[in-house]
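Before any comments, here is the structure.
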Amino acid sequence: MILKTLNLKNYRRFKEVNIEFPDGIIGVIGLNGVGKSTIFEAVAWALYGSPAARTSIDQIKRNGASPREPCRVELEFIFEGNAYKVIREMTGKTLSPSAIAFMNSKIMAQGAGAVTSFIQKTLGMDFKSFFTSVFAKQKELNALSNMNASERRPLILRMLGIDALDEVIREINIDRKTKKTLVDRLSITLLDQKTGRSKIEILSEKIKEFEKKKEDINIDISRLKEIVEGEKEEIKEISTLVDEERRNYEEINKEYQRLIEEKTRYNSYQELKKNTIEIKQRMEERNKQLETLKRKILKFQGISDEIQKTIERLEKIEEERTSLLKIIEQKKTIVKEYDKTIRELTRKRGKIEKMGPDASCPTCERILGEQYHILLEKYREEIEEKTSEEMKFQREIQIEEENYERIKKEKSALERKKEYLQQQSKEKEKLETMINQIDGEIQREKRDYMEKHRKLQQLEGVTFDPEEYKNIQEKMKESYQKYQNILKTLNRKREDLSKNRVKLEKTEGSLKLVEREINNLEEKIRELEDTKKRISSEQKETQRLNILYEIMTSFRSSLISRIRPALSEYATDFFRDLTDGKYQEIELDENYNILIYDRGKPYLINRFSGGEEDLANLCLRLAISEVITERSGGVFNLIILDEIFGSQDMIRQQNILRALNTLSSKFRQIFLITHVEELKNSMQHILYVYEDGDISKIELQ
Ligand SMILES: Nc1ncnc2c1ncn2[C@@H]1O[C@H](COP(=O)(O)OP(=O)(O)OP(=O)(O)O)[C@@H](O)[C@H]1O
Ligand SMILES: [Mg+2]
């Protein structure tokens, strides 16, 4: 892996920097806290995302950057001859992560998680392995020597990724144990708990029992089927008989119906005949009645005329009577007048007579004298005349009154006659009504008679044989009885059939139950066979796992045993170089103690100076990196060493640099992070990191 360019935006102290990485040994120089380590942390962050950062996500973005500005790292590198570019950023207030990865300008992955996965797959290591192999962290070297041996061993093994092997071995162990438990558990299920016998055996015996039962049931079924078939046949035959008998009965019934009709017609013929005679008789009687009444009514002929005449006469007589009454009244008035006049004349004559002839005239006042007798005579004559006239009138009145009486008598006689006549007229009306009624009835009966007579003519010639009728009735009864009897037999047979069918169904049902039972048992046996197979396969699998477990553990042991000498050898090479041959050998013993050979004799590291100890640690760390690099196919020609010069004197520092130079064949890029400014001149390239106000900047020198 070769780093080509790095662009940081708002990443920790850096507002915006662009770095182009050269090949060779590159010093990253700057004062404490300017951001040297940050540069490589940013590289790891671009590749692996937040887990590779040293702080939580919210502390990565530059303090002082506005929420609108993104926190962004863009890294270009070469790996196995391909050019890669990874851009990772966090945007917005929520710092939502996004990433994109290109290979030879082609998008390979998009999204924070996807890019991390892509990088892991491409480089063949996760961020932890990346740090152990490529990046020797500040303080890590001291930590290696400060540990005691029992701590160092797992750390080194972890750095070399052998702990992954441990994990695999542990999983295999769990697997084989689980499988063993499973085999034990499954084996128990094959046995009957009470008797300890094989379940398959017990179930097979049960199946045999059920098979026997099935045979018996099958015999029953075929017997019942035979019966049912026989009954069906019989029913068919009887049904034919029933049909025949029914047809026979229907035939007879038809004849019977015909006879009933004939009988009815005959009866109605007889009835009609009787009726017409009766009607005729009744009509004759009525005619007689009518004759009598007509004769009776003849007596009342002309009665209306007579009534009319009587009324007219009565009216006339009444007229006469009233005029006569008037005349009488008039004449009586005249008589009264005469009476009055006579009395006046008589009074006057008496007065004169009393006065005598010497008295003066009451009218002319002259003395009557001789006039007296003349006057008296005159009065007498006048009275006489008047009286005779009155008499005449009185006689006339008498005659008139006699007339009047006669008329009155006649009138009352006429009135009686009128009353009588009117009574006669009523009688006549009554007779007329009766005549009309009888006449109406006669007309109605006539029509009735005609109608019936017509019907009678239609029925003329109708015959009826009661003997035949009786015979048919008898025949019908017989046929009906016969029909009923066969029907009864048929129904009985049908009942038998349905009973036997139910029986058959039930038996078939129990056959199905037995078959189901057998199926269930077979299914159970199959399941048990499957379990048996499974047990055998699981047993095989367990054996395989046991073998694998053995292989893996021995592989691990051999790996560990081979790695230790390899580490010792590489570390020895570095150490010999860096100490100018002062010390010939460095060794990791079986317990992972670091031993340094001084003049052929091994000593524990604490016998040496602090600087020598640091150097030994560096050599061991470089050895570890080399082993990992070699394991990954030697393509990881990059190493970053963060503050390794801490306690080294000038000569050692120069020696380390020299040694690192010799490593250039193995590592194309070696980054040396240091705050020791003096080393500037000893390095091919310098990345100078410096503060500019609140932010940091970088310069390639
Ligand atoms: N989000 C941030 N914004 C601004 N500055 C930050 C941020 N996070 C960390 N820092 C500062 O960045 C600096 C850490 O930088 P770094 O560890 O890279 O320094 P260094 O150059 O490696 O120093 P040393 O030589 O001491 O190891 C610290 O001063 C820290 O306070
Ligand atoms: Mg640092």
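Given the structure is predicted, the values throughout are model-derived calculations rather than measurements. Starting from 1, each residue takes its place in the sequence as its number. Start at 1 and go down the list; that is how both ligands and their atoms are numbered.
- Comparing Glu643, Arg12, Glu41, Arg54 by heavy-atom distance to atom 14 (C) of ligand 1, the nearest is Arg54.
- For the Mg ion (ligand 2), the N/O/S atoms of Ser37 include one lying under 2.8 Å.
- Looking at ligand 1, you'll find an N or O of Gly33 within less than 3.5 Å of one of its N or O atoms.
- Listed by atom number, the atoms of ligand 1 under 4.0 Å from Arg62 heavy atoms are 1 (N), 3 (N).
- Evaluated by nearest non-hydrogen atom to atom 18 (O) of ligand 1, the leading choice among Asn32, Leu31, Thr38 is Thr38.
- A perpendicular orientation is assigned to the rings of Tyr583 and Phe608, their planes being inclined by more than 60° (bins at 30° and 60°).
- At a heavy-atom distance under 4.0 Å, only backbone atoms of Ile60 (N, CA, C or O) approach ligand 1.
- Every residue was checked against the salt bridge (charged side-chain N to carboxylate O under 4.0 Å, His left out) condition with Asp589, not counting sequence neighbours, and none meets it.
- Here the side chains of Arg607 and Asp598 are in contact, with some heavy-atom distance below 4.5 Å.
- Atom numbering of ligand 1 starts at 1 in the shown order; those under 4.0 Å from a heavy atom of Gly35 are 15 (O), 16 (P), 18 (O), 19 (O), 20 (P), 21 (O).
- In summary, the atoms of ligand 1 found under 4.0 Å from a heavy atom of Val34, numbered by their order in the structure, are 19 (O), 21 (O).
- Electrostatic pairing of Glu167 and Arg170 counts as a salt bridge here, judged by a charged N lying under 4.0 Å from a carboxylate O.
- Looking at Leu8 and Glu16, their side chains never come closer than 4.5 Å, going by heavy atoms from C-beta outward.
- Side-chain contact, Tyr597 with Glu587: a donor N or O sits under 3.5 Å from an acceptor N or O.
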